[in-house]
2 protein chains.
Amino acid sequence: MKLTESEWTLMKCVWESPAASVRDVWERVAPTTGWRYSTVKTMLTRLVQKGALSMEKRANTSLFRPLITSRAARRSAVRTLLDNAFDGTFGSLLQHMAHEERLSAQDRAKLAEMLNELDRRKKS
Amino acid sequence: MKLTESEWTLMKCVWESPAASVRDVWERVAPTTGWRYSTVKTMLTRLVQKGALSMEKRANTSLFRPLITSRAARRSAVRTLLDNAFDGTFGSLLQHMAHEERLSAQDRAKLAEMLNELDRRKKS
DNA sequence: CGTCTCCTGCTACGTCTGTAGCAGAAAATA
DNA sequence: TATTTTCTGCTACAGACGTAGCAGGAGACG
């Protein structure tokens, strides 16, 4: 299940409060996104079509519930990143992170250690 | 600089052999993607418009060169993943990886150690 | 019961992406 | 030089995505 940036925003809401109405979600995302009610509505509907959410009518209001877990979605996102931007392996992502300046020297050392271990295992 | 899946495929080619012609790239990606020559051409042109590649005419043939490094592109991709699927921090990505079944027990232990360290630093 | 709200279903439309074809210029080749 | 090959520039078009409006039905409230 691949999600777009906007879809992640909505899914996060629904994961936090399962059985959310359009209004629930809208009230939470509008302040930061500026999206209109109908925009949120459309996107939620598309997420239903996509199989990421279920929609159930309660009286005249639809309630949305997640059909996929955030873990599964995350796993898929990491997988995609690995395939697109790296060589498909965790190792190369770790490699990259080890070179990120944003990490402290200690973090880098830890990552380097992990990488060595992966290397050893791969070679044997 | 955000790249789509197809764009990553092409960029990888150009990074490996800077100053590539459409044909060079096409010959390398066609076997796995099945894309036509003109498809590759169009996408390379779009990457130029996007600022990811430069295009220089040599005789009647255009040569493409990367304007962004693969490291920068990767950094950006990781950043995007972090922002979309996690809470924007490396820590939560590491957290996720620590729970991935695909990692060995040793890997998990290492990651857990890293996470503890990050926690400690954050709290102090 | 009439009116005001709110919700849904449907429609719209510009942009980006994937995927490509075609015509004409330039180069290679016979 | 005549012909074949190869490039480029331009155009196309369907599907996904971002963003939203509108009309009409269902509840809420006076």
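Lettering of chains follows the sequences in order, A, B, ..., and the numbering in each one begins at 1. No experiment lies behind these values; they were computed from the predicted model shown. Heavy atoms only: backbone and side chains are in, while hydrogens, waters and symmetry mates are out.
- Each of A:Thr45, A:Leu44, A:Thr39 was scored for a side chain to side chain contact (heavy atoms under 4.5 Å, CB included) with A:Lys41, with one residue passing: A:Thr45.
- If you check residues 6-15 of chain B against DNA chain C, the residues with a heavy atom closer than 4.0 Å are B:Ser6, listed by number.
- At a threshold of 4.0 angstrom between heavy atoms, the contacts of B:Thr39 include nucleobase atoms, whether or not backbone atoms are also involved.
- Rounded to whole angstrom, the span from the CZ atom of B:Arg58 across to the P atom of D:dT8 amounts to 14 Å.
- Looking at A:Arg74, its side chain never comes within 3.5 Å of a backbone N or O of B:Leu93 through a donor-acceptor pair.
- A donor and an acceptor atom, one from each side chain of B:Asp83 and B:Thr80, are nowhere located under 3.5 Å apart.
- Under the 3.5 Å distance criterion, with hydrogens and angles disregarded, a donor-acceptor pair is assigned to the side chains of A:Ser92 and A:Thr89.
- Pairs engaging residues 64-94 of chain B under the ring pair (Phe, Tyr, Trp, His ring centres under 6.0 Å) rule: B:Phe86-B:His96 [sequence neighbours left out].
- Here B:Glu16 pairs with B:Arg28 in a salt bridge; the nearest charged N to carboxylate O distance falls below 4.0 Å.
- The backbone N or O of A:Trp35 sits less than 3.5 Å from a side-chain atom of A:Trp26, completing a donor-acceptor pair.
- In this structure a side-chain-to-backbone donor-acceptor pair under 3.5 Å is missing from A:Ser17 to A:Ala20.
- Cluster membership check: B:Ile68 shares its hydrophobic cluster with B:Leu47, using side-chain heavy-atom separations under 4.5 Å among Ile, Leu, Val, Met, Phe, Trp and Tyr.
- Checked against side chain to side chain contact (heavy atoms under 4.5 Å, CB included), B:Glu27 has the following partners two or more places apart in sequence or in another chain: B:Arg23.
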Please write out the pairs of protein N or O atoms and N or O atoms of nucleotides 1-4 of chain D separated by less than 3.5 Å, giving the distance to one decimal.
none

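- In this entry the distance linking CD of B:Gln49 with P of D:dT11 reads 13 Å, nearest Å.
- Under the 4.5 Å side-chain criterion, counting only non-hydrogen atoms from C-beta, A:Val22 is not in contact with A:Thr61.
- When atom types are taken as modelled, the side chain of A:Thr42 and the backbone of A:Ser38 share a donor-acceptor pair closer than 3.5 angstrom.
- Salt-bridge formation is not detected for the pair B:Arg46/B:Glu7: no Lys NZ or Arg NE/NH1/NH2 atom is positioned less than 4.0 Å from an Asp or Glu carboxylate oxygen.
- Rounded to whole Å, atom C1' of C:dA20 lies 11 Å from atom CE of B:Met43.
- For B:Trp26 and D:dC7, the CH2 to P distance is 10 Å, given to the nearest whole Å.
- Between the C1' atom of C:dG18 and the CG atom of B:Leu47 lies a distance of 13 Å, rounded to the nearest Å.
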Inset, instruction - Indicate for each nucleotide in nucleotides 7-13 of chain C, in 5' to 3' sequence, whether protein heavy atoms under 4.0 Å reach the base (B), only the sugar-phosphate (S), or nothing (-). - result: SBB--B-

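- The CZ atom of A:Arg36 sits 14 Å away from the C1' atom of D:dC22 (whole-angstrom rounding).
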Using nucleotides 2-4 of chain C, report all nitrogen or oxygen pairs with the protein that are shorter than 3.5 Å.
none

